[in-house]
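Naming convention: chains lettered A, B, ... in sequence-line order (proteins, then strands); numbering from 1 in each chain.
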2 protein chains.
Amino acid sequence: MPKRSSSLATQLLATLEERGHRSTSPRRAVVNAIAGQNKHFTAEQLRDQLPGVGRATIYRSLRLLVESGVLCRVLLEEGDLHYQLSHRGHHHHLLCVECGSSQDLLGCDIEDLLHTVSSAHQFQLSGHWLEVYGKCHDCMDRPAVPV
Amino acid sequence: MPKRSSSLATQLLATLEERGHRSTSPRRAVVNAIAGQNKHFTAEQLRDQLPGVGRATIYRSLRLLVESGVLCRVLLEEGDLHYQLSHRGHHHHLLCVECGSSQDLLGCDIEDLLHTVSSAHQFQLSGHWLEVYGKCHDCMDRPAVPV
DNA sequence: ATAGTTAATGATACCAAGTCTCTTTAACGG
DNA sequence: CCGTTAAAGAGACTTGGTATCATTAACTAT
Ligand SMILES: [Mn+2]
Ligand SMILES: [Mn+2]
Ligand SMILES: [Zn+2]
Ligand SMILES: [Zn+2]
């Protein structure tokens, strides 16, 4: 039996439909899989979970969802690109390098600071990219995992 | 006749030698080419300029120079990885999206701010990645280049 | 100066992460 | 129900890089 769609999945799909995209069954499979992730994930992880969906379709869906603002790209310290559900609007992440969890960083003062610094350099700010790496609260207590 | 080495190139090579790496002729060619760049560049650009040097050697040299702290990686807005000469130590860049120039951002308050924000989230900061995009002073005045 | 040791090179195969092309399918609007 | 057109999927291709390994050449010690 097909896994039941979460309301989150329904919501993601609705976002796509509002933007004029069709509700196809591969697309529903993709948003369901995404809704089931509990932390950031890669395109390839999604592909492993959806062997029946074409590779191009997965990448196309990810692009649409990023463009719609419901997914955001997350760059890990090693350079790997992951995705995760986004709180709409620009924000950043505190990424735990230990357990892979992430916390959103909303309404911090970075924008103001960057504006100040930029104008000091006679630079007209238009965008920025920031990722913050470290250990989350849980992993701070826990002794480091032996490799 | 072989292009004369700039003192910058000599300096780069010296850094490598100090770290126990041999002064080979492909390596000299690479540091010379790097010393001749006037802005950030990609590995492939370097390759085009050095058709006689093997691909692996170019990537290996870039890695060594990054590890030595004399080159830094720069992530452009579109996701392309570039390199540029580094002022040793951690710093960031103001990248002009118009002309491709970049200004180093030293001693800005970002570290302090991130520490404040992190501890507010009970997060133990260990690193971060920041790139700032916009228009440099020159390009602010100039009307946008027609595509 | 010579020889020995070992780092470094480069040819080539390989790989990861995507993108492009093109034919076929199916969603949706009328 | 039909027609239009978006979307899918197969598969070739691309980009940016890494791994392997036989050969070469820097440096070191004599
Ligand atoms: Mn986010
Ligand atoms: Mn720099
Ligand atoms: Zn953690
Ligand atoms: Zn500029």
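- Here the side chain of B:R28 pairs a donor or acceptor atom with the backbone of B:S23 at under 3.5 angstrom.
- Nucleotide D:dG16 holds its P atom 11 Å from the OH atom of B:Y83, rounded to whole Å.
- Whole-Å rounding puts the A:D80 CG to D:dG16 P distance at 17 Å.
- For the pair A:R63 CZ and D:dA6 P, the interatomic distance rounds to 14 Å; values are reported in whole Å.
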Taking only nitrogen or oxygen atoms into account, show me every contact under 3.5 Å that the protein makes with nucleotides 26-29 of chain D, one pair per line with its distance.
{"from": "D:dA26", "atom 1": "N3", "to": "B:R22", "atom 2": "NH1", "distance (Å)": "3.2"}
{"from": "D:dC27", "atom 1": "OP1", "to": "B:S23", "atom 2": "N", "distance (Å)": "2.9"}

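- Under the 3.5 Å distance criterion, the side-chain polar atoms of A:E98 are left unmatched by any main-chain donor or acceptor of A:C139.
- Checking side-chain atoms of A:S6 against main-chain N and O of A:A9 turns up a donor-acceptor pair under 3.5 Å.
- At whole-Å resolution of the value, CZ in A:R27 and P in C:dA26 are 15 Å apart.
- Atom CD of B:E78 and atom P of C:dA17 are 21 Å apart (whole Å).
- A heavy atom closer than 4.0 Å to some atom of DNA chain C occurs in A:E44, these being the qualifying members of residues 35-46 of chain A.
- The backbone N or O of A:Y133 lies less than 3.5 Å from a partner atom in the side chain of B:S126, making a donor-acceptor pair.
- Residue A:H82 contributes atom NE2, which lies 13 Å from atom C1' of C:dA16 at whole-angstrom precision.
- Within the 3.5 Å criterion, the main-chain N or O of B:V53 finds no donor-acceptor partner in the side chain of B:T57.
- Using a 4.0 Å heavy-atom cutoff across all strands shown, B:G79 reaches no nucleic acid atom at all.
- Nucleotide C:dG10 holds its C1' atom 7 Å from the CZ atom of B:R60, rounded to whole Å.
- Residue contacts shown for B:R55 include a base, since a base heavy atom lies under 4.0 Å away.
- One N or O on the side chain of B:R27 and one on the backbone of B:R22 form a donor-acceptor pair closer than 3.5 Å.
- The aromatic rings of B:H82 and B:H40 sit perpendicular to each other, their planes meeting at more than 60°, with 30° as the lower class boundary.
- Formation of a donor-acceptor pair under 3.5 Å by the A:K135 side chain with backbone atoms of A:C99 is not found in this model.
- Summarising the geometry, the separation between CG on B:L64 and P on C:dA7 is reported as 13 Å, rounded to the nearest angstrom.
- In terms of modelled atom types and a separation under 3.5 Å, the side chain of B:T42 and the main chain of B:Q45 share a donor-acceptor contact.
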